[in-house]
Amino acid sequence: MTAIPGNDPLFTALRGRFAEEEATCLCRLVRTCFRMVNPRYEDIDLAGERKEECLLTAFGERIVLPARSGPSGGWNDRSLRLEAGEYYSMPPVIWHLMRLARIQGRFVPDLALEEALRSVLGEDTAQTAALFREACKHAQRHHVEAGLFAVLARNLDLDLDVHETLDRYVLLGIASPYSMADVNTGLVWYEINPCLFW
């Protein structure tokens, strides 16, 4: 396993959020995801326990996800398997976040959000980004009740199809349906990617 130089901008950004050993492992994992769209467990250049700890941290932060979806497709519905043959993916918005960190040496979530949205919307990202930013102000432990998006869109006078917008957020890894919602309230929740709060 080759050492990561201390002046590596991606490592510098990760080191700002994680302990040195964790940042080193995550840097290696992110680089693997840059080289391969869906790296397999055995493609990740880390040994045993370090690899498992790294993947658990990356999954908890939603940097990488198991590529196979569960019944709802929500992140918390995916089962993280740490074994040969299992493969993983980096959400598109996180790919942009890490690519920018590799250049700037720091995380710029707003710019990563804009770039991810631009990849599907072209230049017309202002309203979709505004709705997301407003929703983040109301997030409770990275979760937002689905109906709030429609209320916020009305309050901000945004001309958006909220269902289509939420679908885009899910497609880009910006947010995910959260299947552990309280069945007694009947509310549907979305989990915002924690990295977008960095």
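Everything numeric here is computed off the predicted structure, so don't read it as measured data.
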Identify the heavy atoms of [X] and [Y] that sit nearest to each other, and give their distance.
{"X": "C195", "Y": "P109", "answer": "O-CG, 4.0 Å"}
{"X": "E83", "Y": "Y88", "answer": "N-OH, 4.3 Å"}
{"X": "A135", "Y": "V144", "answer": "O-CG2, 3.7 Å"}
{"X": "P66", "Y": "E86", "answer": "CB-OE2, 4.0 Å"}
{"X": "N38", "Y": "S89", "answer": "ND2-CB, 3.2 Å"}
{"X": "S119", "Y": "L172", "answer": "OG-CD2, 3.9 Å"}

With a 3.5 Å distance limit and no angle check, can you tell me whether [X] reaches the backbone of [Y] through a side-chain donor-acceptor pair?
{"X": "S176", "Y": "E191", "result": "no"}
{"X": "R40", "Y": "G85", "result": "no"}
{"X": "N193", "Y": "A175", "result": "no"}
{"X": "T125", "Y": "L121", "result": "no"}
{"X": "Q127", "Y": "D159", "result": "yes"}
{"X": "K51", "Y": "Y41", "result": "yes"}
{"X": "Q104", "Y": "R106", "result": "no"}

If you draw a 6.0 Å radius around [atom1] in [X], do more than 12 non-hydrogen atoms from other residues or ligands fall strictly inside?
{"X": "N155", "atom1": "CG", "value": "yes"}
{"X": "D157", "atom1": "CG", "value": "no"}
{"X": "H138", "atom1": "NE2", "value": "yes"}

Out of curiosity, [X] [atom1] to [Y] [atom2], how far, rounded to the nearest 0.5 Å?
{"X": "H96", "Y": "L117", "atom1": "NE2", "atom2": "CG", "value": "9.0 Å"}
{"X": "C27", "Y": "M98", "atom1": "SG", "atom2": "CE", "value": "9.5 Å"}
{"X": "R50", "Y": "E21", "atom1": "CZ", "atom2": "CD", "value": "4.5 Å"}
{"X": "I63", "Y": "L26", "atom1": "CD1", "atom2": "CG", "value": "5.0 Å"}
{"X": "L97", "Y": "L196", "atom1": "CG", "atom2": "CG", "value": "7.0 Å"}
{"X": "L55", "Y": "L65", "atom1": "CG", "atom2": "CG", "value": "11.0 Å"}

Is it true that [X] and [Y] have a side-chain N and a carboxylate O under 4.0 angstrom from each other?
{"X": "E22", "Y": "R17", "value": "no"}
{"X": "K137", "Y": "E134", "value": "yes"}
{"X": "D45", "Y": "R31", "value": "no"}

Using side-chain contact (heavy atoms from CB on, under 4.5 Å), reason through V162 and L152 one step at a time and then give a plain yes or no. CA-CA 10 Å; V162 174; L152 295 173; over 6 Å; no
Residue pair [X] / [Y], side-chain heavy-atom distance below 4.5 Å:
{"X": "H142", "Y": "P194", "result": "yes"}
{"X": "Q140", "Y": "E145", "result": "no"}
{"X": "R133", "Y": "L113", "result": "yes"}
{"X": "I192", "Y": "H143", "result": "no"}

Shared hydrophobic cluster for [X] and [Y] (ILVMFWY, side-chain gaps under 4.5 Å):
{"X": "I103", "Y": "V93", "answer": "no"}
{"X": "V170", "Y": "F197", "answer": "yes"}
{"X": "W95", "Y": "F59", "answer": "yes"}
{"X": "V120", "Y": "L160", "answer": "yes"}
{"X": "L131", "Y": "Y190", "answer": "yes"}

According to the interplanar angle, ranging from 0 to 90°, do the rings of Y169 and F149 count as parallel (below 30°), tilted (30 to 60°) or perpendicular (above 60°)? tilted
Taking the inter-plane angle between the rings of F18 and W198 on a 0 to 90° scale, is it parallel (under 30°), tilted (30 to 60°) or perpendicular (over 60°)?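 Rings of F18 and W198: perpendicular, as their planes differ by over 60°.
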Would you please test F107 and L14 for side-chain contact (heavy atoms from CB on, under 4.5 Å) and show each step? CA-CA 8 Å; F107 292 115; L14 288 163; 3.7 Å; yes
Test R62 against I94 for side-chain contact (heavy atoms from CB on, under 4.5 Å), laying out the working first. CA-CA 8 Å; R62 307 311 193 209; I94 303 308; 5.9 Å; no
